[in-house]
Amino acid sequence: MRNCLALAGTFVFGLVACAPKDKPAIATTDSATTATATTATPAPNVVTVHAKDFAFSAPPQIPSGMTTFKLINDGPALHHVEIVRLDSGKTVADLDAELAKPAAPPTWAVFEGGPNAPDPTKGANATLDLQPGNYAMICLVDVPGGVPHFAKGMVYPFTVTAAPAGATAAAPTADMTITLTEYAFGLSAPLTAGTHTFAVKNSGTQMHEVELVRLAPGKTLDQWMSWINKPMGPPPGSAIGGISPFVGAPNYFTADITPGNYVLICFVPDAKDGKPHFMHGMLKTLTVM
Ligand SMILES: [Cu+2]
């Protein structure tokens, strides 16, 4: 589903940030928080990201710590957010140059995850721990048309600044764990209907992702994959979200699961042969009663 092509350019947009109801808002700059002196652990900072064809709108500065990215896909294509940490003083220009090469990313570009793709007009979320530094959010999705969206401008630089002391939020409490390995998804319990918070852990040696797809009744994954490449007629499935490709620390996401047939899928190209991991068996079908 992915390959690497020359980059078209980099665009910068304004900021949108919000916080959940009843939780103290944390500013996207280094101003003090509104939290009062209590012993309660603060909730993760919430950062809203809008994606459209082909640009991100997000805050240029985010405080460090546990952060929930809420992606709104304004469409019309599928989009996700891949959070890339740029180490060793590297910049988005350096990342652009590397993304144009058909090779694995360099070690200074650390893929940390982020919300995977929801359907157009829908949302997805991911919570991860951000260290101070330089970052980019990029979109690796290449449907329809086969050109990855980062090559069409979906590269957005942002900075993570050190959060004020005492502002550290704990990781979300997950009721399920999804473990990623070569080449499988392990679930800590059978998937059931309801709202779940998933901890997603990569125990493999390669980068992996989880994209959660809900199939329409009687439809197959093949039909959905054909449709996202060439959308015609009613969709044979819905992209729910999940976690974009990552290595290292876990990501968390929350999703509402309704009865039906689901597929967990990893599109990451294999380090050895370049084939997407689902072709190595990294897909799992589930029926939720
Ligand atoms: Cu994988």
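All ligand and atom numbering here is 1-based and tracks the order in the structure.
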Does one side chain, of [X] or [Y], offer a donor that lies under 3.5 Å from an acceptor on the other?
| X | Y | result |
| --- | --- | --- |
| Thr195 | Asp256 | yes |
| Glu182 | His277 | no |
| Asn229 | Ser226 | no |

Under 2.8 Å: N/O/S of His280 next to the Cu ion (ligand 1): no

Short N/O/S contact of Met207 with the Cu ion (ligand 1) (below 2.8 Å): no

Within 6.0 Å of CE in Met279, more than 12 heavy atoms from elsewhere: no

Name of whichever N/O/S atom of His277 is nearest to the Cu ion (ligand 1): ND1

Three-point angle His208:ND1, the Cu ion (ligand 1), Cys266:SG, rounded to the nearest 10°: 140°

